[in-house]
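Each remark here refers to the structure printed beneath this line.
Numbered from 1 within each chain, the chains take letters A, B, ... in sequence-line order.
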Amino acid sequence: MTTRLRVAPSPTGAMHVGTGRTALFNWLFARHTGGTFIVRIDDTDTARSEKAFEDDILAGLRWLGLDWDEGVGVGGPHGSYRQSDRYGRYEEVAEKLIAEETAYPCFCTPGELETRRAEAEAAGRPPGYDGRCRAIDAVDARHRRNAGERAAVRFKMPRPGTTEFVDLVRGEIRVDHQHVDDFVLLRSDRRPTYHLASTVDDVDYEITHVARGEDLLPSTPRHVQLTLAMGGKEATYAHIPLINGPDGKRLSKRHGAQGVTEYVDAGYLPEALVNYLSLLGWSPSGDASIFPVTESIRLFELTDVQKNPAVFDRAKLDWMNGEYVRALPSDRFNDLAAPYVEQAAGHPLSPEEWSRFEQLSPLIQERAKLLTDIGDQVRFLFVDHDTVVTPETIGIIVSFPEAKPIIENAIERLTSLAEFDHESIETSLRGMLDELGLNARKGLQPLRVAITGSTVSPPLFESMAALGRETVLDRLDAARSRM
RNA sequence: GGCCCCGUCGUCCAGUGGCCUAGGACGCCGGCCUCUCAAGCCGGAAACGGGGGUUCAAAUCCCCUCGGGGCUGCCA
């Protein structure tokens, strides 16, 4: 039997990293088993669904490299893969269940339900639906509906009864229907609820494995009973633990970035995020922590997924991203860096400016954790001396002992250099250090600040070579005259 | 409140009765290297929530307890 898995995001918000991880696990399992991965849009919440969110989610999936075989945008044998296109089908199922008396019309209004819920809670009774309309005779109910009375449709939860199923990550689960109320299938405006739409689609699309967030675990009995009532084949379930913030609470806005797009913008590489996410709740074996996604596909099993929730650790993601950035082929790194370099420069780069960057690029690559780190490291290459040699930087320069002789000596030596390359500069300036009796640690800092405007920079000799003699002397000169 | 799920270093994982004086990774601390910063190298602190059992032997099995999370909508 070939596996069919789906991810069914709801376009009521931007794509969350939790959605990304759930999608990743579904995708890994589909790829591991040679099955089919499907993307369906759960947009039955018409009030909150937005096309822009759908676009964000699809873009996020693509960015992560989670390609799908069937679904929105690629089509397939099951129609549009967008629930708002399938209202007719959901009504059809609901009516069929009413006819078979496994569902019934409910004439209670939202207001009535609300007051009864409040009463039940006050009295210490379970707040779920009390089943009032379940007792209405089917013929009477039909007359009332024919007469135009508004009704929702509720599922007749088999009672007494229990649902038992084997969850791939949690093992055997058993729930007494006593604790599951008669949930709404179709709203009184004829739109389906999540439970109906999702279950009907899973049955119609012949989904074999449903891997989703643990928050859906309590409603799984509803889904399996509904599936059975439809005469469908039960899927195998796997409930994946949620991702928490550092405080142990469900990951949310106050924990910082939670949208996949935010990670794109923050300069993360998709391979790094995928690698990191795959490790949240799962591990390939032993000690490996950096490994290609092909390795995850090879080894992934839903049964190996962790039961307990994981905390999203930004620091570890950052480290991992650095690993991936350093591992990039240099031309690939340059391509990725280009927009950040231009942004730092404030203008499109001329070929000459680009070659300045390229000279330094390997050293930048080693030092970048995030792509967004690049700008600050290269800005000094493209600005004029007034931006670098400011009153602030002069203040820092003069705070170093011997700053003045260092700068004067350097100007003299660099002016007379035959070749202005990294080796010549280094030889020359080390000669200066000897002459002044200074070690490199102390003696080079004033120059670094005068050249780059900061005490932290790429290696100095290479930076000078990339900048070119004229600019270097210009900055040193500006520094000397302002001290 | 009720129902369900979960509980190994700060964090993510390994560990499925003896190989555990509990292993790795991130982070943290210290050192080395070093022109700053990274990277790299070396070293260190750091956990089986608690209590009872079962067993020759328990992080691993059972019970209780405590703690955390989820659900409890005509949201998904």
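- The shortest distance between the side-chain N/O atoms of A:Arg441 and the OP1/OP2 oxygens of B:U34 is not below 4.0 Å.
- The side chain of A:Arg117 contributes an N or O atom lying less than 4.0 Å from OP1 or OP2 of B:C74.
- For the C1' atom pair drawn from B:U65 and B:C20, the interatomic distance equals 27 Å after rounding to whole Å.
- B:C48 is unpaired under the criterion used here, namely a Watson-Crick or G-U wobble arrangement in which both key atom distances are under 3.5 Å.
- Contact between the side-chain N/O atoms of A:Arg222 and the OP1/OP2 oxygens of B:A76 is not found at any separation under 4.0 Å.
- Side-chain contact check for A:Tyr194 and A:Asp42: no donor-acceptor pair (N or O, by modelled atom type) lies under 3.5 Å.
- Contact annotation for A:Thr44: backbone-only contact, meaning every heavy-atom pair under 4.0 Å involves sugar-phosphate atoms and none involves a base.
- Residue A:Arg125 has no polar side-chain atom (N or O) positioned under 4.0 Å from OP1 or OP2 of B:U72.
- Residue A:Gln178 places none of its side-chain N or O atoms closer than 4.0 Å to OP1 or OP2 of B:G2.
- The neighbour count for A:Arg332 CZ, taken as heavy atoms of other residues, nucleotides or ligands under 6.0 Å away, does not exceed 12.
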Quiz item: Given the rule in the ring-ring contact (aromatic ring centres under 6.0 Å, His included) test, do A:Phe312 and A:Tyr276 qualify, once you have shown the distances and angles that lead to the verdict?
Solution: CA-CA 9 Å; A:Phe312 193 89; A:Tyr276 178 72; 5.3 Å; yes
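- Phosphate contact (OP1/OP2 of B:A76, side-chain N/O of A:Arg48, threshold under 4.0 Å): absent.
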